[in-house]
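Below is one structure, written out as structure tokens, with a few remarks after it.
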Amino acid sequence: LLPLVSSLPAVSSQGEFLVEISGTTVTITCPLEDEEIRWELFGKAQDTKGRKFILKDHDSSPANLSCSSGSQRHQLYLNAKVCATCEELDALTVAGIISADLLITLGVLILVYYFSKGRKGRASSAGDSRPRGQKMQRPPPVPNPDYEPIRKGQRELYAGLGPRGI
């Protein structure tokens, strides 16, 4: 999120400009103390004569600004990103939103745990006709006599199954 209003010190070649951003309006304060300050934007003189220069409907494009009074001149390269629909959030608001989210998530987890804990022992409603209680164990299936293991005294039964040469 981009801030709705922000103040940034911008370092020029001889001092610090103060840059304030509010929506798409950028206000620059010149570091010179004089009241008769000339502003130039991209080398063209502007009508503003005070310490503050206001760029309305700035489009986030880089700009070269300078303010001068007498022999003193300060230059600034402005590369400010602006947003018309942005809202400012302070640290306390962000911390509150994160804390509330964590508490809600924890509450949902506790509810799911307690509701799922109570349903473990219940029978399903799928119309199961098997008797509940002890599970009936079936005996293992009777082995098929065609697959009996070879015993020592019965080699003649499988004598014809020797390895063949190809």
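Predicted model only: the values in this text are computed from it and were never measured.
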Identify each donor-acceptor pair in which a side-chain atom of residues 57-64 lies under 3.5 Å from a protein atom, sequence neighbours left out, and give them as a table.
{"unit_1": "H58", "atom_1": "NE2", "unit_2": "S61", "atom_2": "O", "d": "3.3"}
{"unit_1": "D59", "atom_1": "OD1", "unit_2": "S61", "atom_2": "N", "d": "3.3"}
{"unit_1": "D59", "atom_1": "OD1", "unit_2": "S61", "atom_2": "OG", "d": "2.6"}
{"unit_1": "S60", "atom_1": "OG", "unit_2": "V82", "atom_2": "N", "d": "3.0"}

To the nearest 0.5 Å, atom CD1 of I54 lies from atom CD of E20 at 9.5 Å

With T105 as reference, evaluate V108, L103, D101 under the side-chain contact (heavy atoms from CB on, under 4.5 Å) test and give the passing residue.
D101

Passing candidate, side-chain contact (heavy atoms from CB on, under 4.5 Å) with V19, options V26, T27, L65:
V26

Tightest non-hydrogen contact, residues A80 and I21, listed as CB-CD1, 3.9 Å

Nearest 0.5 Å please: distance from the CD atom of Q46 over to the CG atom of L55.
8.0 Å

Please round to the nearest 0.5 Å and tell me the distance separating atom CZ of R38 and atom SG of C67.
10.0 Å

Count the heavy atoms of every other residue, nucleotide or ligand shown that sit under 6.0 Å from CZ of F42, and state whether that count exceeds 12.
yes

Are I97 and I104 connected into the same hydrophobic cluster when the rule is that any two of I, L, V, M, F, W, Y join if their side-chain heavy atoms are below 4.5 Å apart?
no

Kindly write out the residues that satisfy side-chain contact (heavy atoms from CB on, under 4.5 Å) with L102, not counting sequence neighbours, or none if the list is empty.
I98

Identify whether I110 and Y113 are in the same connected component of the hydrophobic contact network (ILVMFWY, side-chain heavy atoms under 4.5 Å).
yes

Which value, rounded to the nearest 0.5 Å, describes the distance between S66 atom OG and L41 atom CG?
9.0 Å

Check the angle between the aromatic planes of F17 and H74 and answer parallel, tilted or perpendicular using the 30° and 60° thresholds.
perpendicular

Main chain of E33, side chain of R51: is a donor-acceptor contact present, judged purely on distance under 3.5 Å?
no

Spacing of R73 atom CZ and I37 atom CD1 [to the nearest 0.5 Å]
13.0 Å

Determine the minimum heavy-atom distance between E40 and A45, stating which atoms define it.
CG-CA, 4.2 Å

Can you confirm whether C83 sits close enough to T85 that some side-chain heavy atom of one is under 4.5 Å from a side-chain heavy atom of the other?
yes

Output for pair (T29 OG1, K52 NZ), nearest 0.5 Å, gives 4.5 Å

